[in-house]
Amino acid sequence: MEALRDKKLPKATAKRLPAYLRHLKLLDASGIQRIKSKEFAEITQVPSATIRRDFSHLGELGRSGYGYDVPYLIEVLSYILETNEEKKIALIGYGNLGKALANNNFRRNENLSVVAVFDNDPEMIGQTISGRYVYGMDQLAEVVADKGITVAISTVPSRYSQMAIDAIVDAGITAILNFAPDPVIVPKDVNIQYIDLTTELQTLIFFDTTYSQKSKV
């Protein structure tokens, strides 16, 4: 298993792994223990040939005619994606979602930690709210440098997302998780991932409807 982290994966494959893992965990929670690439393709909206090619980079994970063992795939992908190096995170946008993320603070991985929160609301800036001191966006670059922050999470709404992302990039951060689903423009050396809660909910409903129907057949 240790050799898996040493494998050099194509960038496109590496970007798809977290999404695969999210879907697999939903399958596991639904009681699905085995799945074929064609079925997984319907769920992930990734072509089955691409899924097989991605998984082939990680070794022999499936068997012809059988498919893939869901718990084992979860184990493999979780191991690969596990972060052992400390990562300090800036949280941009301290509304309800921001507060929830800051409160959770990645308890399952002690190497991931939100160390500073930012907002542009004058009534919040300079205040300690829900146990967090709120910095202004004009302080982002200074705080990022001072605290050694390398990752940012943005919960800013889509209509303001590009401005927030621009500020994050200008502060020198190259790893961004964006909760606004609309694509933004970033330099080529910046890695950005999008979380679309509506899509995730629709996927969950798809699982529930599809596999509930199959169980009745």
Side-chain angles (χ1 to χ4, degrees), residues 1-89 101 104-114 150-153 173-179 181 189-215:
M1 187 76 78
E2 291 184 7
L4 288 172
R5 288 201 183 121
D6 295 329
K7 288 181 176 291
K8 292 185 177 180
L9 301 177
K11 186 174 182 179
T13 295
K15 289 181 67 175
R16 284 188 288 267
L17 294 187
Y20 289 156
L21 182 58
R22 289 200 307 273
H23 291 303
L24 288 165
K25 287 182 175 179
L26 284 172
L27 284 170
D28 188 57
S30 300
I32 307 301
Q33 298 295 297
R34 177 167 61 95
I35 193 166
K36 294 184 178 181
S37 59
K38 184 178 180 180
E39 297 170 324
F40 201 44
E42 294 177 0
I43 294 168
T44 61
Q45 297 300 300
V46 176
S48 57
T50 300
I51 291 173
R52 291 193 296 271
R53 183 170 60 251
D54 286 344
F55 288 167
S56 71
H57 291 299
L58 308 177
E60 297 294 331
L61 300 184
R63 301 198 304 272
S64 178
Y66 175 86
Y68 299 94
D69 183 81
V70 171
Y72 181 64
L73 280 179
I74 291 174
E75 180 184 355
V76 170
L77 296 186
S78 295
Y79 183 83
I80 292 172
L81 295 170
E82 179 70 21
T83 302
N84 291 318
E85 181 182 349
E86 182 183 12
K87 294 293 183 181
K88 296 180 179 179
I89 303 168
L101 292 172
N104 177 273
N105 204 16
F106 307 98
R107 295 171 184 169
R108 293 185 180 180
N109 190 325
E110 61 184 13
N111 293 315
L112 299 176
S113 180
V114 174
T150 58
V151 180
I153 298 174
I173 293 175
T174 56
I176 305 170
L177 182 65
N178 189 11
F179 274 83
D189 63 335
V190 172
N191 293 301
I192 185 167
Q193 296 287 338
Y194 298 89
I195 299 293
D196 185 347
L197 296 179
T198 299
T199 297
E200 295 299 327
L201 180 58
Q202 289 173 331
T203 301
L204 175 63
I205 293 171
F206 173 84
F207 287 150
D208 184 61
T209 302
T210 301
Y211 290 101
S212 293
Q213 290 174 347
K214 284 186 177 182
S215 66

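Here the structure is a predicted model, which means the values were calculated and not measured. Counting begins at 1 with the first residue of the sequence.
Residues L101 and V114 fail the side-chain proximity criterion, which asks for heavy atoms closer than 4.5 Å. L21 places a side-chain heavy atom less than 4.5 Å from the side chain of I74. In this structure, P71 and Q33 have side chains that are in contact, with non-hydrogen atoms separated by less than 4.5 Å. Between H23 and L27 there is no side-chain heavy-atom pair separated by less than 4.5 Å. Using a 4.5 Å cut-off on side-chain heavy atoms (C-beta onward), Y20 and I51 make contact. Counting heavy atoms from C-beta outward, L26 and I43 have side chains that stay 4.5 Å or more apart. Contact of the N191 side chain with the K11 side chain is registered, since non-hydrogen atoms from C-beta on lie closer than 4.5 Å. A 4.5 Å side-chain heavy-atom check between L24 and F40 finds at least one atom pair inside the cut-off.
Each of I153, I192, V151 was compared with I176 under the side-chain contact (heavy atoms from CB on, under 4.5 Å) criterion, and only I192 meets it.
Distance CD1/I35 to CG/L73: 9.5 Å, rounded to 0.5 Å. Here K15 contributes atom NZ and L9 contributes atom CG; the two are 14.0 Å apart, rounded to the nearest 0.5 Å. Rounding to the nearest 0.5 angstrom, the gap separating the CD1 atom in I195 from the CG atom in N178 is 9.5 Å. Here NZ of K36 is found 12.0 Å from OG of S48. Values are rounded to the nearest 0.5 Å. Distance check: L112 CG to E86 CD gives 9.5 Å after rounding to the nearest 0.5 Å.
For K38, there are no side-chain contact (heavy atoms from CB on, under 4.5 Å) partners, not counting sequence neighbours. Y68 meets the ring pair (Phe, Tyr, Trp, His ring centres under 6.0 Å) test with F55; sequence neighbours excluded. Judged as a salt bridge (Lys or Arg N to Asp or Glu O under 4.0 Å), and not counting sequence neighbours, the contacts of R16 are D54.
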Residue pair L77, L58: steps toward the side chain to side chain contact (heavy atoms under 4.5 Å, CB included) verdict: CA-CA 9 Å; L77 296 186; L58 308 177; 3.6 Å; yes

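Between the side chain of R34 and the backbone N or O of Y66 there is at least one donor-acceptor pair closer than 3.5 Å.
The two residues E42 and Q45 make their nearest non-hydrogen contact at O-NE2, 2.8 Å.
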